[in-house]
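Before any comments, here is the structure.
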Amino acid sequence: MNNPVLRASGLTRDFGPLRAVDGVGFSLGEGELLTVFGPNGAGKTTLLRILSGGLQPTEGVVSLRGLEQKSGDPEWYRRVGFLSHQSFIYGHLTLDENLRFFGRLFGLKDLSTRVPDRLEQVGLASRAGSPARTLSRGMRQRLALARSLLHDPEFVLLDEPYTGLDAHAASVLREVLTTLKDGRRTVVLVTHNISQGLELADRVAVQVRGRFVLLQDRAEVEVENFERTYRQRVEEAG
Amino acid sequence: MDYLRQVGALVWKDLVVELRTRERVAAMGAFTVLVGILFSFAIDPSVVQPQDIASGLIWMTVIFGGMLGLGRTFHLEEDDGAFQCVLLSPIPRDALFLGKVIANFILLTVVTALVFVVFALFFDLGFGDHPLALAAVVLLGVLGFVAVGTLFSAMSARTTMGETLLPILVFPLLIPVVIYGATATSSLLQGLPVSEVDGNIRMLAAFALVALASGAGLFRFVVEE
Amino acid sequence: MSNRLRSLGVVLGFLGVLLVLVLHWQVFYWVATERSMGVVQRIFYIHVPAAWVAFMAFGIVALCGAGYLWLKDDRLDQAALSAAEGGMLFTTIVLLTGPLWGKVAWGVWWEWELRLTLTLLLWFIYLGYFLVRKSTENPQKGKRFAAVLGIVGALDIPLIHISVKWFRSLHPEPVVMNPDGPTAPPDMLITLFTGVAAFTCLFFCFFLLRYGLERMRHALVLREAGRPGGPVANGVAS
Amino acid sequence: MKKLFLSIVVVTLFVALLPEGVMAQEGLPDPAAIAGQNLRGHTHMFIAYFIAWLLILGWAVSIARRLGKVERALGD
């Protein structure tokens, strides 16, 4: 693992008495991708929302290249891209307007070239002028993907990006994910799908009831019986 | 410079979505005209001269119509869910608040103008001899109202009671706007000199300033998770 | 509840009760009957102190709320809640005793007299405070919202005060004999002072004990959630 | 904790009802000194004092009850 770029230690989040994330800690090197597996309700989405800066941890610290995360800190949001499994786009704005709106929020100056280019990258250039609510689920996810990578974040968070995608959309997504593996960006991917999860991962984790019950380098993981160890860890954690 | 562009982007987005859906402006517009009609039947002109109580009716109509529109501000955002992504962008929270306030202010000013026209029509009101002073009074009052309303609309949208909580939270705080606004409007409509309403305008401006400053400062605690 | 808190509460309690005894002696035996209004004017000696405590309590709510938002320390929020409960109670006392006095003194159950009007509005701000605190899924969010309302309410009360006072000056009211003015006879002022002292002591007595109760409830929640390290050391929360 | 509150309750209740008792023993206050209008205030005054103390006592009792409940829950 080359020099750690992202450090997370003791991340905890309570919702009243419920502890959704319990003392999660890990570090990621430059250009590394961590895949987090886990059953529903394990707190994976909560963990991602904490890493994105959208949700404050009750305890624990996250830092990216030495910049410690403070809630509402614009510097953090400039470096982080977050793709949720819901597509979160403005239905009444066209695709072009959606991206230009978020681009202006990020203070990007070259929108007139960047937006068409990004729409092209996710294969939606032809629909640029139509309202976003007319898009299918797969297209919405691709627009949301283009939006979360619009400002070229160095730290990318993907929450179940493959769910509900048709074959074509999934292939576009895989294509974009491989471009993310350019050695410069750090990525955390949350998914149920073992094969898709392992395919690009440098490190693998299993989260159950808020805690990491497994955290290994991809090399140490044998793909064949990973399924068994995964299920075993889930039962152990109860 | 980024700050202004970010606020501008927000105002642009809100107004474009509003123009396309026309949901809120239609609802508020229809509401205010209908309230005007109801008042015309509810008040017996032989007993009460509408001119005397018009300003009170106007302000009540604007506030109730405003409640209708403001309550929806963050409701629409929650539906799309896209607001979460706006929160993940590097926009400072007070810019986010000001963007919303300006968009709501423009929307409510349009509706208030409509209310004045409707009441002028139904109650045969002039706009007094000092339309400029009247505009100052109304605009400052609406600005204070929108600033408080936007902050607590964001809050009530995040509670289980939703929009029903909004009037309970906001009405006690609006007393100064109602008192200074309605009194100033009635004296202007009766053609009294502008000097009569100087104090009111200053107080309305003070209220708007306090509402904007406190809203901008506290908005992050309302939207933060 | 810590012993320090309990003993201070008890001391204030007894001091309060002592002052209540003195107050009652003064009201029923010592102070002269006000000439124009008669015996009913003696309601004044609990009406005004209750109003003073109600507004003081809201000051505590706003200050503790601001502290809570800034320092994220739960104790400040618990203090704000305890003060709000006391404040709501005394506001209700003012709103019940006011009309009883008004009916006799001015012949009407409700009179838009300055103190009564402000207290009525304060009552509804308290109502909003409790409603917003209870109506969120995540308790932390409810506390934050209540703190925000407390602060905005406190900033707005002076403006409400000025506007209502100005509004009343527009409409000539029956002259209200205001015995708390400097011209009031000394015995009335002394009795009034005793009333304020008695109510303030009682308020802080119950405020401290209510705060202790909230601290213990917090400890109970932590313990039930099975998280060690809550402030419960030996069954007594500090 | 319980006995503290009982003592406060008893003392304050006694104080609240003291004036009625005293007034009753002395008989009606001297009618000449108290004009008709003042007498009417008489009842309103006692109602007001009674309501005030009732509310304060109610709050004291409710705090005591809640404290007892929490202490028992914390105790076991």
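Chain letters run A, B, ... following the sequence lines, proteins first, then strands; residues in each count from 1. The structure displayed is predicted, hence computed values, not measured ones.
To the nearest 0.5 Å, the span separating CG on B/L87 from CZ on A/F88 amounts to 10.5 Å. Expressed to the nearest 0.5 Å, how far CG of A/L83 lies from SG of B/C85 amounts to 8.5 Å. A distance of 7.5 Å separates OH in A/Y90 from CG in B/D14, rounded to the nearest 0.5 Å. Here CD of B/E23 is found 7.5 Å from NE2 of A/H92. Values are rounded to the nearest 0.5 Å. To the nearest 0.5 Å, the span separating CZ on A/F101 from CD on B/Q6 amounts to 10.0 Å.
For CZ of B/R202, the number of neighbouring non-hydrogen atoms (other residues, nucleotides, ligands) closer than 6.0 Å is 12 at most. More than 12 heavy-atom neighbours from other residues, nucleotides or ligands sit within 6.0 angstrom of NZ on A/K109.
Across all non-hydrogen atoms, the minimal contact from A/L55 to B/E225 is CD1-CB, 3.3 Å. Closest of all the heavy-atom pairs between A/G53 and B/L88 is C-CD2, 4.3 Å.
Checked by atom type, the side-chain pair B/Q84/A/S84 shows no donor-acceptor distance below 3.5 Å.
Looking at A/R13, the atoms closer than 4.5 Å to chain B (heavy atoms on both sides) all sit in the side chain, from C-beta outward. Proximity to chain A is absent for every atom of B/V223, based on heavy atoms less than 4.5 angstrom apart. With a 4.5 Å cut-off on non-hydrogen atoms, A/F106 touches chain B through its backbone and its side chain both. In this structure, the portions of A/Q56 lying under 4.5 Å from any heavy atom of chain B include both its backbone and its side chain.
B/P90 has its side chain out of reach of A/E75: every pair of non-hydrogen atoms, C-beta onward, lies at least 4.5 Å apart. The closest side-chain heavy-atom distance from A/L93 to B/V16 is below 4.5 Å.
Note on A/Q86, A/E97, A/R147, A/R49: by heavy-atom pairs under 4.5 Å with chain B, the leading option is A/E97.
Taking the charged nitrogens against the carboxylate oxygens, B/D2 and A/R104 have no contact shorter than 4.0 Å, which rules out a salt bridge.
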